[in-house]
**Student:** 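What follows is a single structure, and I will ask about it in a moment.
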Amino acid sequence: MDLLCKYAAEDADITFQLKQILEGELKENGLENLFYEIEMPLLRVLSIMERNGVRIDSEALRQSSEILTAELLVIEKEIHDLVGFSFNVSSPAQVGEILFDRLKLDDKAKKTKTGQYSTSEDILEKIRSKHPIIGKILDFRGLKKLLSTYIDALPLLINQRTGKVHTSFNQTVAATGRLSSTNPNLQNIPIRDAQGKEIRKAFIPDDGCVFLSADYSQIELRIMAHLSGDKNMLDAFNSGLDIHTATAAKIYKIPVEEVTSDMRRKAKTANFGIIYGISTFGLSERLTIPRAEAKELIDGYFATYPDVKRYMDECIQRAKENGYVETIFGRKRFLSDINSQNSVVRGFAERNAINAPIQGSAADIIKIAMVNIQKRLFAENLQTKMTMQVHDELNFTVPEVEIEQARKVVVEEMENVLKLKVPLIADCGVGKNWLEAH
DNA sequence: AACCTCACG
DNA sequence: ACGTACGTGAGGTTC
């Protein structure tokens with residue numbers, strides 16, 4: 001939507017049509033009672049955030065672009081030299097043909113639904129050692145992604161009048177109740193590798209301000225602990241220990257001090273997997289360990305957290321009986337496939353039954369926090385501006401004189417949305433860019 | 001417009 | 001025998 005249209009919508013105090021659409025969509029999903037408490041006020045908050053926008057250091061991105069584009073060309077040439085002719089490295093079809101038909105790097109290469117060879121990152125990672133071209137293709141892909149999706153794309157979306165990028169938050173697309181962000185999507189800005197971190201550095205505060213970032217610590221696992229009521233998981237959180245270390249200690253039946261980094265890594269993957277309704281196969285793939293070991297790990301997990309297993313079974317049972325599952329606040333997700341004869345289709349619905357109440361409750365919680373934070377920013381006459389929401393994280397541009405007050409408002413409102421059986425913790429940092437604040 | 005791949009939580 | 005972790009959006013290729 002054009003920025004001027006957005007302003008008009010704001011001035012009109014939310015257009016009637018927008019309200020109708022939102023109301024229609026959300027009432028179907030069980031929000032009858034919470035519609036006026038959450039989604040309507042949130043619509044105002046999102047409109048304010050979109051108008052606030054976020055500042056980008058386009059000069060830094062331009063310099064990155066120059067360097068990385070040159071690097072990309074070098075890698076491309078190296079790849080072409082390795083096979084002896086030039087081809088389109090961005091074409092999965094051509095890459096697959098070269099790796100599997102020509103170089104025969106895997107005689108039982110996995111195919112996609114359409115019969116093409118799959119050349120996705122996890123597949124290539126497994127055959128990386130078989131040929132130097134694999135690593136270079138992965139490097140090429142990584143660079144190309146950052147350049148085309150972020151480094152080159154973001155500066156083009158800077159509004160000439162405000163000098164900022166203004167995303168659109170969508171309140172009604174995600175099945176679980178999460179927000180989504182488009183044009184640009186500010187919820188998938190890189191952070192995991194070194195080059196990605198450079199991009200985060202280009203997200204900067206207004207003049208005279210700092211970048212403030214606050215995120216919920218392990219909110220989904222805490223919700224799992226709360227909803228399942230599992231005593232061991234509640235204890236793990238209430239002890240203040242690192243949850244993945246605590247989980248590893250319990251699964252492997254050893255003291256916390258003896259948990260190795262490999263044990264913690266496996267427990268962490270198991271913790272996340274559980275929220276998604278993982279299978280033995282899935283965990284073995286993620287950890288690249290034998291199926292038998294993955295099964296042991298999952299058995300150990302459920303022995304450690306027996307009520308988590310019970311809770312998961314109850315979610316599926318509830319979905320079968322009611323046709324839907326719901327969040328702590330009563331947001332529904334309907335699961336029409338839950339009684340399907342097709343076990344694959346049914347499996348998807350069963351995993352949704354486990355995941356949706358957790359992911360959805362987390363979405364409800366941060367939405368309420370956003371409404372309450374904006375209320376207090378108004379009430380306390382602060383100039384702090386909320387700029388982004390990234391599922392369990394909120395970002396602000398904060399005048400230097402307001403830092404301590406803003407911190408207090410944000411953390412208090414995030415942590416006190418409701419009382420769970422475990423504490424709700426928000427970590428908060430400030431810095432001269434998004435990376436530093438995180 | 002479908003598909004593949006990949007960025008984030 | 002089969003497929004195999006939840007939720008998104010965007011860019012490039014191919015048809």
Side-chain angles (χ1 to χ4, degrees), chain A residues 87-96 110-125 137-138 140-154 157 167-170 172-193 195-197 199-200 215-216 218-221 224 269-287 291 294 298 312 315 325 333 335 342-360 362-363 366 388-394 434 438:
Chain A
F87 66 100
N88 189 345
V89 186
S90 293
S91 164
Q94 292 178 38
V95 168
K110 202 174 155 190
K111 302 254 178 97
T112 63
K113 284 128 196 98
T114 52
Q116 250 192 73
Y117 291 117
S118 174
T119 67
S120 60
E121 188 180 353
D122 54 328
I123 302 276
L124 295 195
E125 208 55 65
I137 289 171
L138 288 169
F140 178 92
R141 289 232 183 111
L143 273 183
K144 180 84 181 174
K145 179 80 171 184
L146 294 187
L147 277 166
S148 59
T149 308
Y150 306 102
I151 296 171
D152 290 336
L154 284 172
L157 290 167
T167 188
S168 296
F169 286 107
N170 197 322
T172 59
V173 298
T176 53
R178 275 189 172 184
L179 298 178
S180 79
S181 159
T182 60
N183 192 25
N185 180 355
L186 293 181
Q187 295 180 321
N188 70 346
I189 302 301
I191 190 168
R192 288 173 191 165
D193 60 43
Q195 281 160 334
K197 288 183 165 61
I199 297 175
R200 288 233 165 184
D215 67 290
Y216 282 113
Q218 305 294 353
I219 188 168
E220 292 193 349
L221 268 183
M224 174 61 103
T269 306
N271 270 331
F272 278 111
I274 286 307
I275 291 171
Y276 302 145
I278 198 177
S279 63
T280 302
F281 178 87
L283 188 62
S284 70
E285 284 287 297
R286 294 271 153 174
L287 287 170
R291 301 264 284 267
I298 291 177
M312 290 167 69
C315 282
V325 288
R333 176 162 186 185
L335 298 166
N342 182 329
S343 63
V344 177
V345 172
R346 192 174 63 247
F348 271 101
E350 288 173 354
R351 292 194 294 275
N352 285 337
I354 294 164
N355 177 261
I358 296 173
Q359 191 179 119
I366 196 167
M388 292 187 272
Q389 188 254 40
V390 194
H391 311 305
D392 65 354
E393 165 188 348
L394 294 172
W434 194 1
H438 208 274

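Residue numbers start from 1 in every chain, and the chains themselves are labelled A, B, ... in the order their sequence lines are given, proteins ahead of strands. None of the values given here were measured: they were computed from a predicted structure.
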**Student:** Just to be sure I understand the rule, does A/F348 reach a base, reach only the sugar-phosphate, or reach nothing, if contact means heavy atoms closer than 4.0 Å?
**Tutor:**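 Sugar-phosphate contact only.
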
**Student:** Inspect the contact between A/K110 and A/E285 and indicate whether a charged nitrogen and a carboxylate oxygen are less than 4.0 angstrom apart.
**Tutor:**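 Answer for the salt bridge query: no.
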
**Student:** I'd like to check the side-chain hydrogen bond (donor to acceptor under 3.5 Å, both in side chains) partners of A/N88; sequence neighbours left out, ordered by chain and number.
**Tutor:** none

**Student:** Using a cut-off of 4.0 Å on non-hydrogen atoms, how would the nucleic acid contact of A/R192 be classed: base, sugar-phosphate, or nothing?
**Tutor:** base

**Student:** Counting distance only, does the side-chain N/O of A/Y117 pair as donor-acceptor with the main-chain N or O of A/T112 below 3.5 Å?
**Tutor:** no

**Student:** In whole angstroms, how far is the C1' atom of C/dC6 from the CD1 atom of A/I358?
**Tutor:**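 Roughly 10 Å, once rounded to whole Å.
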
**Student:** OP1 or OP2 of C/dT8 versus the side-chain N and O atoms of A/R178: is any pair under 4.0 Å?
**Tutor:** no

**Student:** Dot-bracket for DNA chain C, please, read 5' to 3', with Watson-Crick or G-U wobble pairs under 3.5 Å on both distances, ( ) within the strand, [ ] crossing, | other strand, . unpaired.
**Tutor:** .....|||||||||.

**Student:** Does A/A175 reach a base, just sugar-phosphate, or nothing at all? Heavy atoms under 4.0 Å.
**Tutor:**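 The residue A/A175 makes sugar-phosphate contact but no base contact.
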
**Student:** A/D122 has an atom CG; how far is it from atom C1' of C/dT4, in whole Å?
**Tutor:**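 After rounding, the reported distance stands at 13 Å.
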
**Student:** Starting at atom CZ of A/R291, determine the distance to atom P of C/dC2, rounded to an integer number of angstrom.
**Tutor:**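 From A/R291 CZ to C/dC2 P: 13 Å.
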
**Student:** Tell me if a side-chain donor or acceptor on A/N355 pairs with a main-chain N or O of A/I275 at a distance below 3.5 Å.
**Tutor:**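 Side chain of A/N355 to backbone of A/I275, a donor-acceptor pair under 3.5 Å: yes, one is there.
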
**Student:** Enumerate the residues from residues 274-281 of chain A whose closest heavy atom to DNA chain C is under 4.0 Å, giving them by residue number; use none for an empty result.
**Tutor:**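 The answer is A/Y276, A/I278, A/S279, A/F281.
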
**Student:** Between which nucleotides of DNA chain B, read 5' to 3', does contact with chain A run, using atoms under 4.0 Å from its heavy atoms?
**Tutor:**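 From 5' to 3', the first and last contacting nucleotides are B/dC3 to B/dG9.
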
**Student:** Quick one: pull up CD1 in A/I274 and CG in A/L221 and give me the separation to the nearest 0.5 Å.
**Tutor:**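 Between A/I274 CD1 and A/L221 CG, I get 9.5 Å after rounding to 0.5 Å.
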
**Student:** Run the side-chain donor-acceptor check on residues 344-352 of chain A: report pairs under 3.5 Å with partners two or more places apart or on a different chain.
**Tutor:**
residue	atom	partner	partner atom	Å
A/R346	NH1	A/S340	O	2.8
A/N352	ND2	A/F348	O	3.4

**Student:** For A/T182, is there any backbone N or O sitting under 3.5 Å from a side-chain donor or acceptor partner on A/T167?
**Tutor:**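 Confirmed, A/T167 side chain pairs with A/T182 backbone.
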
**Student:** Indicate for each nucleotide in nucleotides 9-15 of chain C, in 5' to 3' sequence, whether protein heavy atoms under 4.0 Å reach the base (B), only the sugar-phosphate (S), or nothing (-).
**Tutor:** BSSSSS-

**Student:** Under 4.0 Å, heavy atoms only, any strand: does A/S284 hit a base, just the sugar-phosphate, or nothing?
**Tutor:** nothing

**Student:** Salt bridge (charged side-chain N to carboxylate O under 4.0 Å, His left out), that's the test. Do A/R178 and A/E220 meet it? Break it down for me.
**Tutor:** CA-CA 13 Å; A/R178 275 189 172 184; A/E220 292 193 349; 3.6 Å; yes

**Student:** Look up atom CD in A/E393 and atom NE2 in A/H391, then write down how far apart they are to the nearest 0.5 Å.
**Tutor:** 9.5 Å

**Student:** Just how far is it from atom CG of A/L154 to atom CD1 of A/I151, taken to the nearest 0.5 Å?
**Tutor:**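 CD1 of A/I151 is found 9.0 Å from CG of A/L154.
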
**Student:** Would you classify A/I191 as touching base, sugar-phosphate or nothing, given that sugar-phosphate means primed atoms plus P, OP1 and OP2, and contacts are heavy atoms under 4.0 Å?
**Tutor:**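 The residue A/I191 makes sugar-phosphate contact but no base contact.
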
**Student:** In Å, rounded to the nearest 0.5 Å, how long is the span from CG of A/N170 to CG of A/L179?
**Tutor:**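 CG of A/L179 is found 8.5 Å from CG of A/N170.
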
**Student:** Base, sugar-phosphate or nothing for A/E121? Non-hydrogen atoms, less than 4.0 Å.
**Tutor:** sugar-phosphate

**Student:** For the pair A/K197 (side chain) and A/I191 (backbone), establish whether a donor and an acceptor sit closer than 3.5 Å, ignoring hydrogens and angles.
**Tutor:**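 At least one qualifying donor-acceptor pair exists.
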
**Student:** Would you kindly compare A/S343 and A/N352 by the position of their nearest DNA chain C nucleotide and give the one closer to the 5′ end?
**Tutor:** A/S343

**Student:** Supply the atom-to-atom distance A/I199 CD1 to A/W434 CH2, rounded to the nearest 0.5 angstrom.
**Tutor:** 11.0 Å

**Student:** Looking only at atom P, what distance separates C/dT4 and B/dC3, rounded to whole Å?
**Tutor:**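 Result for the P pair: 15 Å, nearest Å.
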
**Student:** So does A/T269 get a backbone contact from the side chain of A/R286, meaning a donor-acceptor N/O pair under 3.5 Å?
**Tutor:**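 No, because the side chain of A/R286 does not come within donor-acceptor range (under 3.5 Å) of the backbone of A/T269.
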
